[in-house]
Amino acid sequence: MHDDGYDHTEVERRWQAAWEDADAYRTPDDVADPTYVLGMYPYPSGEMHMGHVRNYTITDAYARFRRMQGDDVLHPMGWDAFGLPAENAAKERDTSPREWTFDCIDRMKDQMDAMGFGYDWDREVTTCRPRYYKWNQWLFRRFVEEDLAERRDAAVNWCPSCETVLADEQVEEDEELCWRCGTPVEERELEQWFLEITEYADELVEAIDELEGWPDSVRQMQRNWIGRQEGSRVPFTLEGHGEIDAFTTRLDTIHGATFFALAPDHPVSERLAEEDDAVHEFLHQEADPEGDEPNGIRTGLTAENPVTDEELPVFVADFVLSDVGTGALYGVPAHDDRDHAFAEKMDLPIRPVVAPDADAEVPDVDREAYTEDGVLVNSGEYSGLTSEAARTQLTEDVDGAAFETVYRLRDWGISRQRYWGTPIPVVHCDDCGPVLVPEADLPVELPEFINVTGNPLDEADEWKATTCPDCGADAERETDTMDTFVDSSWYFLRYVSPDLDEAPFDVDRANDWLPVDQYVGGIEHAVMHLLYSRFFQKVLADQEGLAHREPFENLLAQGMVQLEGEKMSKSRGNVVSPQAIVSEYGADTARLFMMQAAQPERDFDWSEEGVRSAHAFLTRLKTTVEDYRAGEIPRADDPGTVADYVESETDATVAVATPEYDDLTFNTALREVQDLVGTLRQYREHAAVDPEVFERGLSVALRLLAPVTPHIAEELWDELGREGFVVDADWPETEADRETVEKRRRLVENTREDVREISDVAGIDDPERIDIVVTPAWKHEALRVALESDANNLVGELMAHDDIKRHGETAADYGKDLQAEREALTEPLDPETEHAALRAAAWLLEREFDADVRVLRAVDAPEDIVARAEPGRPAIDIAE
RNA sequence: GCGAGGGUGGCCGAGUCCGGACAAAGGCGGCGGACUUAAGAUCCGCUCCUGUAGAGGUCCGUGGGUUCGAAUCCCUCCCCUCGCACCA
């Protein structure tokens with residue numbers, strides 16, 4: 001009967017309805033500063049997968065925990081509803097992206113409800129609704145007005161067959177084929193809108209240091225992505241081509257330069273190709289920027305080294321990239337691995353100009369470059385300077401040289417030639433050029449979807465036709481839409497005031513409520529989404545009065561749910577559907593299994609066995625509560641020592657689980673709760689229970705479980721006859737501190753193990769009586785003295801205490817033991833606490849050995865036995 | 001190549017920040033026992049080696065070092081995962 005579990009579907013539905021009726025997860029607008037807990041909103045694919053379930057269970061559990069701790073909590077949810085998949089689905093199914101998307105949202109919302117996630121749905125945000133994307137357009141206007149957005153040429157992937165632009169991810173294989181039709185993709189120059197994130201590059205990289213609530217991995221990835229390099233720009237004179245700047249981070253090595261190299265697409269290279277067939281040939285045939293081999297061709301030109309006045313041979317080389325530095329560099333084979341390889345290949349001189357230190361020999365660089373900083377040699381007047389000093393000095397001395405910082409980060413191209421996104425609010429006028437749509441005319445809404453090849457907006461003639469806001473002449477609308485990362489760069493601000501008609505968000509409230517206290521999502525967003533959001537936040541701080549310059553205080557990148565060590569994926573066919581698990585075991589089981597399987601940031605393996613054991617646990621808990629309520633568990637008026645044990649274990653559970661919840665290490669917290677339930681079940685089996693103690697244990701267990709398994713907790717809370725929702729219950733409190741708890745548990749556990757070991761080693765199969773004798777107070781005192789003392793002669797110092805000295809020879813011997821282990825001594829529990837803890841735990845030994853167990857104070861036991869006791873280690877005497 | 005994070009008992013996994021009670025939590029698997037007609041579920045133990053009173057030995061990727069003492073601190077090397085990468 002119980003073994004079959006319980007009707008989870010009925011229980012879960014009932015409580016979901018009750019929460020909804022009670023508006024249990026509303027966050028009123030007038031709360032001062034709620035704890036903002038946020039999971040990255042999903043793309044509404046229509047199916048929640050395990051990654052979603054894990055992500056949202058983490059935020060839900062944390063939000064519930066904080067709420068029970070008395071915080072106001074903001075825990076909203078929304079939809080990243082624009083994007084290409086809806087467009088493709090619409091084309092395939094002959095429907096519209098809008099219908100398709102809203103259908104998917106409905107389905108996913110049902111699935112979320114079935115999981116019991118407690119969201120404030122009144123704050124739901126859906127990016128494909130005009131009332132949301134109007135503010136994308138409004139923000140775009142603001143960016144343009146503040147000179148943070150610009151229209152310029154950019155190279156894009158173009159499929160001539162589909163007549164559309166493709167994202168990099170949609171170009172497949174090395175041959176660069178269109179993912180839909182297999183046509184080779186071309187490169188096209190198109191006018192695109194860019195948001196100038198590079199304006200904020202310095203702050204974005206520097207502020208990473210302050211993001212202490214973020215994982216190191218994500219911080220490092222953002223640093224890499226921004227790729228700030230500090231160096232110098234130096235002009236080289238190329239005969240016939242004037243001055244060409246080279247960028248370098250190692251200006252100290254310039255005396256060792258033996259060649260100069262240009263990127264294949266550098267303007268000078270292209271000009272050379274026009275007159276030099278060999279260069280032309282190289283550019284179009286040999287150059288292989290993707291390959292590992294550094295290829296290059298000698299041009300016959302020379303470049304004048306501005307420091308040494310030497311003439312260096314000029315190459316066009318494919319390892320020089322036009323978008324790195326200036327697209328031109330000087331090569332120092334002695335101090336750079338790649339330059340070294342190139343010099344060997346081209347038979348160029350290799351001249352060392354940096355030695356490891358002032359006294360060292362000049363390094364042998366014939367076989368390998370010396371790439372470390374050091375002290376300059378063979379560098380004229382600069383010889384003897386450190387690399388660092390030389391870089392500064394040379395930059396100052398060389399005509400036309402200057403310090404410069406370069407970045408890998410590029411401006412953010414947001415134009416997408418697609419339908420299902422936010423229309424860029426621009427009108428193209430023959431006379432006025434691109435003109436912003438006035439604020440009063442926003443939003444520019446999407447027209448009806450037309451199923452065509454290419455961009456449907458290009459075909460929407462009626463929609464396209466408009467007039468110029470500036471001159472009134474006939475004009476055409478911009479047909480590009482925005483990258484959906486624009487939508488997600490500020491959605492967390494919209495939750496604060498989702499219905500506001502005057503602005504994207506209520507600034508005052510945002511200043512009170514932001515930043516997000518705990519943000520949770522997948523590592524795949526480590527760079528783009530999280531970097532763009534930081535960028536937006538900073539712009540909004542500068543332009544709109546937002547008080548915080550970082551949006552997310554604490555970030556958790558959750559791990560993957562795997563199957564047999566492999567990522568779950570449709571293409572591998574190793575997917576476990578959350579819906580199937582929910583219908584078979586229930587949402588609580590799925591949530592419990594996931595949260596106890598591993599720390600949230602770690603990957604873990606889905607395991608059927610684990611799911612079953614989570615379910616079995618919930619069933620046992622339910623049975624226990626029900627049996628208790630049904631009066632099937634005998635009760636006793638005299639609490640006794642077992643009750644003491646249960647009582648202190650209940651406190652211990654609270655003391656350990658609470659900080660673990662705070663740290664989001666649910667796995668550890670849940671293990672504690674499972675142990676507590678185990679203890680309660682042992683209690684009822686061993687003795688008639690004290691109702692107060694037993695009920696407190698149950699109520700603590702239920703409350704500690706409520707964040708993770710809210711439905712069953714609610715059900716049993718009700719069964720226990722408690723008032724109100726467990727969701728709103730107060731988090732249990734305790735006086736117990738973790739350190740004492742752990743010492744006590746260790747004492748009990750070590751003592752039990754010792755009894756087992758003794759009876760085993762001594763061959764006592766069936767002990768009749770077990771005496772546990774607590775260490776006499778004077779030994780505790782002696783230990784305490786030893787801990788505090790720094791005297792050389794510990795025994796002498798101990799003997800100065802009358803209480804200790806009284807024990808003569810024994811005390812001296814113990815003193816010698818203490819002396820020997822002096823460095824390893826640790827603070828013990830006091831004798832009374834030891835006695836109480838062991839007394840309370842005696843029943844465990846009684847039950848295990850079926851013997852009389854006496855826990856004695858030292859004064860009540862024979863001296864020869866007492867002698868074996870030490871603090872933290874009672875004497876044990878077993879009689880057969 | 002650079003950067004980050006890891007390598008713990010049959011497996012998974014805590015401990016590593018702040019060295020000591022660590023043969024090292026917990027789970028799984030395996031073994032034995034209780035309950036049961038039986039199975040399942042549940043409960044109690046055992047699960048590196050040796051040991052007739054709580055002991056000893058070996059052990060936390062490799063090799064070294066620091067220390068009275070190292071899974072924990074420092075260095076070498078090997079391997080795994082992720083990110084960046086012909087980046088000037």
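Here the structure is a predicted model, which is why all the values come from computation and not from measurement.
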Quiz item: Aromatic ring centroids of A/Phe259 and A/Tyr330 under 6.0 Å?
Solution: no
Quiz item: What one-letter contact string describes nucleotides 83-88 of chain B from 5' to 3', where B marks a base within less than 4.0 Å of any protein heavy atom, S marks contact via sugar-phosphate atoms alone, and - marks no contact?
Solution: BSSBBB
Self-check item: Phosphate contact (B/rA41 OP1 or OP2) by A/Arg620 side-chain N/O below 4.0 Å
Solution: no
Self-check item: Euclidean distance, A/Tyr407 OH relative to A/Leu204 CG, rounded to 0.5 Å
Solution: 10.0 Å
Quiz prompt | Pairwise P distance for B/rA70 and B/rC35, with rounding to whole Å | solution = 48 Å
Quiz prompt | Inter-nucleotide C1' distance (B/rC59, B/rG15), Å rounded | solution = 16 Å
Quiz prompt | Rounded interatomic separation in angstrom, taking CG from A/Leu829 and C1' from B/rA21 | solution = 12 Å
Exercise. Could you tell me the separation between the CZ atom of A/Arg602 and the C1' atom of B/rU81, rounded to a whole number of Å?
Key: 12 Å
Practice problem: Measure up the A/His615 and A/Tyr585 rings against each other and bin them: parallel (under 30°), tilted (30 to 60°), perpendicular (over 60°). | Solution: perpendicular
Practice problem: Decide yes or no for A/Ile770 and A/Asp877: does some side-chain heavy atom of the first lie under 4.5 Å from some side-chain heavy atom of the second? | Solution: no
Quiz item: With a 4.0 Å cut-off, would you call A/Arg219 and A/Glu212 a salt bridge?
Solution: no
Self-check item: Whole-angstrom distance between B/rA24 and B/rU47, as gauged at atom P
Solution: 10 Å
Self-check item: Gap between atoms CZ and C1', on A/Arg681 and B/rC44 respectively (whole Å)
Solution: 14 Å
Quiz item: Within this structure, what is the CG-to-C1' distance between A/Leu621 and B/rC43, rounded to whole angstrom?
Solution: 17 Å
Practice problem: Determine which bases of RNA chain B form Watson-Crick or G-U wobble pairs with both distances under 3.5 Å, and write the result as a 5' to 3' dot-bracket string with | for other-strand partners. | Solution: ((((((((.[[[..)....(.....]]]((((((.......))))))(((....)))...[.[[[..)....]]].])))))))....
Quiz prompt | Contact pattern, 5' to 3', of nucleotides 45-60 of chain B - B, S or - by protein heavy atom under 4.0 Å | solution = SS----BSBBB-----
Quiz prompt | Same-atom distance (P) from B/rG10 to B/rU76, integer angstrom | solution = 30 Å
Self-check item: A/Glu848 bridged to A/Arg752 by N-O distance under 4.0 Å
Solution: yes
Quiz item: Does a side-chain N-to-carboxylate-O contact under 4.0 Å join A/Arg223 and A/Asp209?
Solution: yes
Self-check item: Carboxylate-amine/guanidinium proximity below 4.0 Å for A/Arg745 and A/Glu672
Solution: yes
Practice problem: Check whether any side-chain heavy atom of A/Asp202 lies under 4.5 Å from a side-chain heavy atom of A/Arg228, and answer yes or no. | Solution: yes
Quiz item: What's the spacing between A/Leu844 CG and A/Thr751 OG1 if we round to 0.5 Å?
Solution: 11.0 Å
Quiz item: Nearest-Å distance, CD (A/Glu749) to C1' (B/rA23)?
Solution: 14 Å
Quiz item: On a whole-Å scale, what distance lies between the C1' atoms belonging to B/rA21 and B/rG54?
Solution: 14 Å
Quiz item: Salt bridge check: are A/Glu660 and A/Arg671 linked by an N-O gap of less than 4.0 Å?
Solution: no
Between protein and nucleotides 25-36 of chain B, what N or O pairs are separated by less than 3.5 Å?
from   : atom 1 : to       : atom 2 : distance (Å)
B/rA25 : N3     : A/Arg671 : NH1    : 3.3

Practice problem: Take atom CG of A/Asp627 and atom P of B/rC43, then tell me their distance rounded to the nearest Å. | Solution: 14 Å
Practice problem: Kindly check if the number of other-residue, nucleotide or ligand heavy atoms within 6.0 Å of CD (A/Glu344) is above 12? | Solution: yes
Quiz prompt | Between B/rA55 and B/rC22 - P atom distance, rounded Å | solution = 12 Å
Exercise. Taking atom P in both B/rA88 and B/rG20, compute the distance separating them and give it to the nearest angstrom.
Key: 42 Å
Exercise. Verify whether the ring centers belonging to A/Phe315 and A/Phe282 lie closer than 6.0 Å.
Key: no
Exercise. Please name all residues satisfying side chain to side chain contact (heavy atoms under 4.5 Å, CB included) with A/Glu788, sequence neighbours left out, ordered by chain then number.
Key: A/Arg784
Quiz prompt | Atom CG of A/Asp323 with >12 non-hydrogen neighbours under 6.0 angstrom | solution = yes
Quiz item: For RNA chain B, whose closest nucleotide is more 5', that of A/Asp603 or that of A/Phe617?
Solution: A/Asp603
Quiz item: Rounded to whole angstroms, how far apart are CZ on A/Arg219 and C1' on B/rC82?
Solution: 17 Å
Scan nucleotides 72-77 of chain B against the protein and return all N/O pairs shorter than 3.5 Å with their distances rounded to 0.1 Å.
none

Self-check item: Salt bridge A/Arg684-A/Glu632, side-chain N to carboxylate O under 4.0 Å
Solution: no
Quiz item: Atom CD of A/Glu739 to atom C1' of B/rC18: distance rounded to whole Å?
Solution: 12 Å
Quiz item: Do A/Glu827 and A/Lys743 meet the salt-bridge criterion of a basic N to acidic O distance under 4.0 Å?
Solution: no
Quiz item: Expressed in whole Å, how much space separates the P atoms belonging to B/rC43 and B/rG27?
Solution: 11 Å
